[in-house]
Number of protein chains: 2
Amino acid sequence: MTSKQSTKNRILDAAEALFADRGFAETSLRTITHRADVNLASVNYHFGSKKSLIQAVFDRFLQGFVKGLDAEMKPLEASQVAPSVEQVLHTLVKPLMTMDDRRHQGSSNFMKLLGRAYAESQGHMRRFMQEHYAAYLARFTSLLHRAAPDLTNSEMFWRLHFMLGTVIFTLAGSDALRDIAAADFRESVSLEQTLERLLPFLAAGFRAQPINSLKNVS
Amino acid sequence: MTSKQSTKNRILDAAEALFADRGFAETSLRTITHRADVNLASVNYHFGSKKSLIQAVFDRFLQGFVKGLDAEMKPLEASQVAPSVEQVLHTLVKPLMTMDDRRHQGSSNFMKLLGRAYAESQGHMRRFMQEHYAAYLARFTSLLHRAAPDLTNSEMFWRLHFMLGTVIFTLAGSDALRDIAAADFRESVSLEQTLERLLPFLAAGFRAQPINSLKNVS
DNA sequence: GTATGTTTCAAACAGTTGTTTAGATTTTGT
DNA sequence: ACAAAATCTAAACAACTGTTTGAAACATAC
């Protein structure tokens with residue numbers, strides 16, 4: 001079926017890198033194909049359109065990510081005892097790390113991409129993810145519920161998204177932050193260290209006592 | 001000096017709204033000038049270029065924001081007793097609220113914009129903010145330091161940015177989240193309620209015990 | 001070998017982009 | 001009222017966008 005495996009992947013690689021540090025609209029097909037060293041028309045031939053290319057880039061990443069996430073979640077799901085919030089959050093670390101150094105490019109290419117996608121085009125990507133990867137989100141949510149059974153569903157929902165925001169945002173801008181930190185504190189931190197720094201913050205926030213007031217007249 | 005106050009502001013208003021829900025690159029000057037009902041060339045005449053327009057939009061917002069923030073921080077700075085983390089974070093609420101309904105457009109226009117700007121163009125905006133509004137950031141950081149004196153500078157730095165990420169990210173996508181929450185839990189929440197929900201999360205995260213392990217062999 | 005289907009390629013397409021120009025119109029200072 | 005400066009306007013500019021085309025090159029099968 002596929003004679004040359006390369007072209008399609010060359011395009012995906014180039015697109016992923018360029019999207020990450022320029023944005024979607026700011027990256028032209030000509031730039032992509034030039035970097036991939038393929039003909040301009042190939043992207044339309046192989047993917048149909050630029051929009052489909054973007055989706056393809058995401059799919060390739062997310063499939064790799066959820067495969068790793070699945071492996072991490074399974075033992076927690078199988079266990080009889082309820083996991084801690086930290087344990088649940090920790091399922092994200094290894095998959096993120098793997099995704100990070102699978103790409104050759106210096107640092108977390110893809111997180112920038114995710115951050116962009118989330119900000120871009122009125123939540124179009126948020127919807128895409130929630131449709132295509134709803135099952136994994138449900139499993140993750142379920143684990144969190146076991147870890148913190150006293151939180152209401154509504155509160156869970158919000159805090160899950162708070163955490164999601166923090167992770168994506170931090171990882172998306174992590175090189176910039178790392179540079180500043182390196183300059184100001186003479187500490188050089190790896191992605192893993194950033195994640196380990198992030199988890200206690202998230203876990204504590206997630207477990208925080210919900211608002212007591214707001215309408216404390218009762 | 002200024003004969004007609006309108007044109008420049010009409011452009012700013014239109015640009016702000018359009019940038020917020022389409023993105024910068026995705027919004028053309030023609031779309032802006034059409035919505036503002038002014039001539040295409042006016043934006044180049046008044047602002048010089050599209051890039052300058054973007055900066056002008058931000059400056060207008062940020063100046064309003066820091067004015068409100070300043071008013072909120074002053075009493076805390078004047079007080080002899082150290083503020084709580086919650087109190088410090090609460091200085092953000094009113095300015096954000098004011099900025100939100102100053103604009104006529106339905107919901108938090110500008111937070112989307114901020115979210116975009118942060119994601120966009122390799123932290124170019126992050127740098128801009130840190131340069132132009134460094135004084136306010138320093139005061140805020142100083143307050144936080146009084147509220148949690150036992151945190152190291154390095155840890156402070158990271159957690160400040162964690163919080164920043166959560167706020168921007170949440171507020172940027174808040175309408176989408178509110179829609180989902182409304183559908184799933186039949187609860188309709190205002191921006192203020194979202195913020196009040198956010199603060200305990202942030203405060204708890206900020207106060208969390210830093211990583212003890214990472215290299216717990218000692 | 002020819003035939004068949006797939007992939008690559010250069011060129012052109014139609015449309016949009018930000019910016020500039022030069023002339024009209026309006027506002028301002030005196 | 002007049003001159004000068006500021007503002008607005010329509011039109012055109014060159015550059016770039018994603019996509020399409022039709023022929024060339026390639027691979028595979030018979």
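In what follows, chains carry the letters A, B, and so on, assigned in the order in which the sequence lines appear, proteins first and then strands, with residues in each chain numbered from 1. Everything quoted here is computed from the prediction, not taken from an experiment.
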* To do: Could you check His46(A) against Ser49(B) and say which one's nearest nucleotide on DNA chain C is further toward the 5' end?
  => His46(A)
* Closer than 4.0 Å, any side-chain N/O of Thr7(B) to the OP1 or OP2 of dC8(D)? -> yes
* Asked: When you measure from the side chain of Thr141(B) to the backbone N and O of Leu137(B), does any donor-acceptor pair fall under 3.5 Å?
  -> yes
* To the nearest 0.5 Å, tell me how far Leu171(A) CG sits from Leu191(A) CG. => 5.5 Å
* Asked: Using the benzene-type ring in the case of Trp, are the ring centres of Phe206(A) and Phe201(B) under 6.0 Å apart?
  -> no
* To do: Round to a whole Å and report the spacing from CG of Asn44(B) to C1' of dT19(C).
  => 5 Å
* To do: Send over the distance from Leu29(B) CG to dT20(C) P, rounded to a whole Å.
  => 11 Å
* Grab the CG-C1' distance between Asn39(A) and dG22(D) for me, whole Å please. => 13 Å
* Structure fact -> Taking for Tyr45(A) and for Leu40(A) the nucleotide of DNA chain C with the nearest heavy atom, the one nearer the 5' end belongs to Tyr45(A)
* Structure fact -> Rounded to whole Å, CG of Leu18(A) lies from P of dG18(D) at a distance of 12 Å
* Value in whole Å for how far the C1' atom of dG18(C) lies from CD of Glu26(A) -> 15 Å
* Asked: Is the distance from OP1 or OP2 of dT17(C) to the nearest side-chain N or O of Ser28(B) less than 4.0 Å?
  -> yes
* What integer distance in Å separates Phe47(B):CZ from dT7(D):P? -> 12 Å
* Looking only at atom types and distance, does a side-chain atom of Thr166(B) sit under 3.5 Å from a main-chain N or O of Phe162(B), one as donor and one as acceptor? -> yes
* Is a salt bridge present between Asp13(A) and Lys8(A), judged by a nitrogen-to-oxygen distance below 4.0 Å? -> no
* Atom NE2 of His34(B) and atom C1' of dC8(D): how far apart are they, to the nearest Å? -> 18 Å
* Choosing from dT19(C), dT19(D), dT8(C), which nucleotide comes nearest the side chain of Arg30(A)? -> dT19(D)
* To do: Report which part of the nucleic acid Thr31(B) touches: base, sugar-phosphate, or nothing (heavy-atom distance under 4.0 Å, all strands).
  => nothing
* Could you state the atom-to-atom distance from NZ of Lys50(A) to P of dT20(D) in whole Å? => 15 Å
